[in-house]
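Okay, here's the structure, questions in a sec.
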Amino acid sequence: MKRLLLLLSILIFAGALTTSFRPEKKQVLSPAAEIKTQFLDDLRTFQSACERLHQNTLQLAETNLEQAQQDFIEARYAYKTIEFLAAYLDEEFIGNYINGAPLLSLEPNAPQLSIVEPEGFQILEETLFSDNPLEEKEAIVAYSEALSRSAQELSFLRQTYLTDRQVIEAARMALIRVFTLGVTGFDSPVLANSLPEASRVLISLQNAIQLYIPLVEAKDAKLARELESTVAEAVDYLAKNQDFNTFDRLGFLKDYINPLYADLLDAQLALQIETYYETTSPYRKHAINYFAKNIFDEDFLNPFYYTRMSSQSYTDATVQLGRTLFFDPILSNNNERSCASCHQPEKAFTDGLAKSLATNSEGTVKRNAPTLLNAAYADRYFYDLRSEVLEDQMDHVVYDHREFQTSYLAVFEKIERSEDYLAMFSEAFSEMKDDPVNKHTLTTALATYIVSLKSLSSPFDQYVRGEQELLDASVKRGFNLFMGKAACGTCHFAPTFNGLVPPIYHESESEVLGVPNTTDTASMVMDDDLGRALGVIKEYVDFYKHSFKTTTIRNVALTAPYMHNGVYETLEEVVDFYNQGGGEGMGLDVPYQTLPPDPLNLTDQEQADLVAFMGSLTDTAQVNQVPQKLPTFADNEDWNQRKVGGAY
């Protein structure tokens with residue numbers, strides 16, 4: 001027995017020794033964890049590059065200017081390596097302090113007027129690569145110091161817990177950013193170094209995506225191969241095509257950006273990784289429809305994000321009521337003017353006038369009537385951005401003495417005398433049967449109709465989505481110019497081609513262009529309309545004087561004349577205005593012009609191609625329905641004679 005116990009003891013001891021000397025199995029990190037580790041390494045590289053840049057600018061002189069400029073380029077490359085995650089994790093911080101536009105702005109929601117000076121790469125680029133950078137040494141040092149400080153502050157991202165959902169969402173957002181802000185030159189305004197920088201972003205994406213390929217392959221081998229090859233081909237394409245002016249942005253969009261955008265979603269769903277719909281409140285609205293597979297899909301953006309209404313309240317009955325109200329002059333004081341008086345369907349919901357006719361034909365309103373097609377895709381409305389909610393636009397029209405010249409109470413009093421209208425309001429707003437006619441229901445119905453005016457299926461859209469195979473060569477050249485050399489796409493952002501800023505599409509921009517009051521160059525002066533500075537009292541600052549909302553160029557072939565004052569009658573004139581560098585480029589004194597004053601040097605053919613591209617964005621087939629008749633009034637036969645759309 002003793003021998004048996006001794007033998008067992010020896011075996012147990014030997015086993016323990018074997019176990020203690022057995023090599024430990026290497027811990028395998030999840031893709032998100034491994035990506036986070038690499039991101040933190042790259043973040044340190046970026047922080048070091050920014051500090052090195054700052055130290056060199058402190059000693060800025062003729063002897064080290066070139067080195068400082070090279071340090072800037074290297075710091076930009078280091079930023080682009082981390083951009084896809086950094087910008088996703090804190091878009092606001094990146095926009096305000098790292099890579100925002102080099103423009104003065106106002107601090108949002110501040111208790112008093114607070115001007116925010118621009119910081120980050122873009123303002124530093126403007127000074128460090130100016131004609132006389134040594135004369136701006138003090139500013140350069142200040143900008144580089146602020147950039148280095150902000151880069152260090154990004155260390156807070158080390159505490160962020162990164163999930164697979166966030167990685168894939170960040171990658172898809174990066175594709176939007178690369179196409180709309182990257183290859184367009186938006187965030188490299190002086191150097192036009194956008195394509196090499198975009199290469200750095202795509203390489204980072206490729207490295208991240210590669211970690212998911214084995215997991216995707218286990219679920220869908222074909223999808224895994226397609227995703228892996230497409231991102232590799234995209235990286236290779238960018239590496240081989242680095243000329244800014246000749247880069248085929250349309251081909252890049254169709255062959256790489258959109259396929260990758262779709263494949264990443266398919267991979268996420270195949271791996272059963274949740275989307276943000278499953279991780280946020282069901283009542284929260286998102287600007288981007290995450291299940292869209294193409295950034296030119298008709299439902300890529302969610303119009304309800306920009307309104308008070310929900311998708312559930314968008315019904316045929318509400319749209320029909322809104323359409324009827326839109327074309328009914330009963331809303332105006334004299335029963336002769338309707339919304340359609342200035343926004344006529346056959347003219348893409350404009351009126352063909354430089355400035356719309358005022359009520360009773362007493363002069364004109366203040367500005368040109370913009371199209372209402374796709375008008376819902378904005379976070380602020382009117383040329384001067386004075387209305388922050390789509391439904392609130394009606395207030396300005398109802399009370400303005402040049403427009404409806406009335407009040408809501410007067411409008412309600414009339415509408416409630418129509419049994420037809422009472423029935424329509426009750427059907428559209430069944431939950432308000434006791435009080436169906438009120439400001440909420442009226443403005444909601446009109447806003448619902450505006451939301452229905454979606455125009456996102458033009459010949460160009462159909463080509464990008466693969467729904468048609470042919471597109472005129474001039475249109476293709478025009479799009480590439482629009483998104484490249486002509487720099488139109490740096491203000492008229494894809495896919496809405498208005499001022500709604502990608503990649504999160506939460507903010508509408510305005511621009512100071514220096515629009516003249518006449519086309520007569522002998523007597524030309526800047527139009528005296530102060531725009532945004534007077535439209536919003538809390539924004540009355542010098543740099544918003546003559547600033548106007550960037551409106552869409554979709555359907556622009558139908559909406560002449562152009563600009564807020566209707567000064568230009570043709571698109572050719574508009575293109576020429578931009579080609580000359582706006583008002584300042586034409587010799588006008590335009591303080592705070594946001595449009596670069598340098599000429600674009602577009603040839604006659606290039607200008608014609610731009611016009612051809614804009615013409616390809618025409619799409620009014622589904623939005624021209626006009627009511628055949630209007631609701632009647634049993635007690636007022638004169639009102640029953642009113643004209644659909646108004647008398648004038």
For this session: Using only heavy-atom distances, determine whether the side chains of Thr279 and Glu274 contain a donor-acceptor pair under 3.5 Å.
Result: no

Problem set entry | Pairing of Arg380 and Glu509 as salt bridge, 4.0 angstrom limit | no

For this session: Keeping the roles fixed (side chain from Ser313, backbone from Met309), state whether a donor-acceptor pair exists under 3.5 Å.
Result: no

Problem set entry | Trace of the ring-ring contact (aromatic ring centres under 6.0 Å, His included) decision for Phe497 with Phe613 | CA-CA 12 Å; Phe497 296 113; Phe613 162 63; 5.7 Å; yes

Seminar exercise, completed: The reported gap from CG in Leu43 to CD in Gln38 (rounded to nearest 0.5 angstrom) is 11.5 Å

For this session: Please confirm whether the backbone N or O of Ala447 pairs with a side-chain atom of Glu391, one donor and one acceptor, at under 3.5 Å?
Result: no

Exercise. Under 4.0 Å between a Lys/Arg side-chain N and an Asp/Glu carboxylate O for Glu469 and Lys254?
Worked result: no

Exercise. What about the rings of His286 and Tyr305, do their centers lie closer together than 6.0 Å?
Worked result: no

Problem set entry | Inter-residue atom distance Lys36.NZ - Leu157.CG, 0.5 Å rounding | 8.5 Å

Exercise. Charged N to carboxylate O under 4.0 angstrom, Asp187 versus Arg76?
Worked result: yes

For this session: Compare all side-chain heavy atoms of Tyr212 with those of Val167 and state whether any distance is below 4.5 angstrom.
Result: yes

Problem set entry | Expected output: side-chain Asn480 to main-chain Thr246 donor-acceptor under 3.5 Å | no

Exercise. Just checking, any donor-acceptor pair under 3.5 angstrom between side chains of Thr81 and Arg200?
Worked result: no

Exercise. Looking at Glu169 and Arg172, does any basic side-chain N land under 4.0 Å from a carboxylate oxygen?
Worked result: no

Problem set entry | CD/Glu233: more than 12 non-hydrogen atoms of other groups inside 6.0 Å | yes

Exercise. Short question: side chain of Tyr256, backbone of Leu253 - any donor-acceptor pair under 3.5 Å?
Worked result: no

Exercise. Taking 4.0 angstrom as the limit, do Asp392 and Arg308 come out as a salt bridge?
Worked result: yes

Exercise. Could you go step by step and tell me if Asp71 and Asn56 meet the side-chain hydrogen bond (donor to acceptor under 3.5 Å, both in side chains) rule?
Worked result: CA-CA 8 Å; Asp71 286 342; Asn56 257 334; 2.3 Å; yes

Exercise. When you look at CD of Glu278, are more than 12 heavy atoms from neighbouring residues, nucleotides or ligands closer to it than 6.0 Å?
Worked result: yes

Problem set entry | Any donor-acceptor N/O pair, Ser130 side chain to Thr127 backbone, under 3.5 Å | yes

Problem set entry | Derivation and outcome, side-chain hydrogen bond (donor to acceptor under 3.5 Å, both in side chains), residues Gln59 and Gln55 | CA-CA 7 Å; Gln59 312 299 324; Gln55 292 302 321; 5.9 Å; no

Exercise. At what distance, to the nearest 0.5 angstrom, does CD of Gln67 lie from OG1 of Thr57?
Worked result: 12.0 Å

Exercise. Looking at Val536 and Leu385, what are the two nearest heavy atoms and their distance?
Worked result: CG2-O, 3.7 Å

Exercise. For the residue pair Phe300 and Tyr505, is the inter-centroid distance of their aromatic rings smaller than 6.0 Å?
Worked result: yes

Exercise. Any donor and acceptor pair, going by atom type alone, linking the side chain of Thr552 with main-chain N or O of Thr496 inside 3.5 Å?
Worked result: yes

Problem set entry | Close aromatic pair by centroid cut-off 6.0 Å: Tyr143 and Phe121 | no

Exercise. Which atom names give the shortest non-hydrogen contact between Tyr276 and Ile288, and what distance separates them?
Worked result: OH-O, 2.7 Å

For this session: Determine yes or no for a side-chain-to-main-chain donor-acceptor pair under 3.5 angstrom, with Lys285 supplying the side chain and Thr307 the backbone.
Result: yes

Seminar exercise, completed: Output for pair (Asn245 CG, Leu481 CG), nearest 0.5 Å, gives 8.5 Å

Exercise. Using 30° and 60° as the class limits, which term best fits the ring planes of His492 and Phe482: parallel, tilted or perpendicular?
Worked result: tilted

Exercise. Are the side chains of Leu89 and Ile94 in touch, meaning some heavy atoms are under 4.5 Å apart?
Worked result: no

Problem set entry | Centroid-centroid under 6.0 Å between Phe296 and Tyr261 rings | no

For this session: Check the pair Ser188, Asn193 against side-chain hydrogen bond (donor to acceptor under 3.5 Å, both in side chains), reporting the backbone distance first and the verdict last.
Result: CA-CA 6 Å; Ser188 183; Asn193 199 37; 5.7 Å; no

For this session: Evaluate the salt bridge (Lys or Arg N to Asp or Glu O under 4.0 Å) criterion for residues Arg177 and Glu91: first the C-alpha distance (whole Å), next the side-chain angles of each, then the deciding distance (0.1 Å), finally the verdict.
Result: CA-CA 11 Å; Arg177 187 184 298 106; Glu91 185 83 24; 3.2 Å; yes

Exercise. Between Asp263 and Lys293, is there a salt bridge with N-O shorter than 4.0 Å?
Worked result: no

Exercise. Are any of the side-chain nitrogens in Asp461 or Arg554 under 4.0 Å away from the carboxylate oxygens of its partner?
Worked result: yes

Problem set entry | Ser144 side chain to His54 side chain, donor-acceptor N/O pair below 3.5 angstrom | yes

Exercise. Would you find a donor on one side and an acceptor on the other, under 3.5 Å apart, between the side chain of Gln47 and the backbone of Ala151?
Worked result: yes

For this session: Return yes if some donor-acceptor pair links the side-chain N/O of Thr448 with the main-chain N/O of Tyr314 below 3.5 Å, else return no.
Result: no

For this session: Would you indicate whether Tyr97, at its atom OH, is surrounded by more than 12 heavy atoms from other residues, nucleotides or ligands within a distance under 6.0 Å?
Result: no

Exercise. Does any N or O in the side chain of Gln69 come within less than 3.5 Å of the main-chain N or O of Leu128, such that one atom is a donor and the other an acceptor?
Worked result: yes

For this session: Kindly indicate whether the side chain of Phe493, heavy atoms from C-beta on, has any atom under 4.5 Å from the side chain of Leu500.
Result: no

Exercise. Would you say the side-chain atoms of Asn498 and Thr551 include a donor-acceptor pair closer than 3.5 Å?
Worked result: no

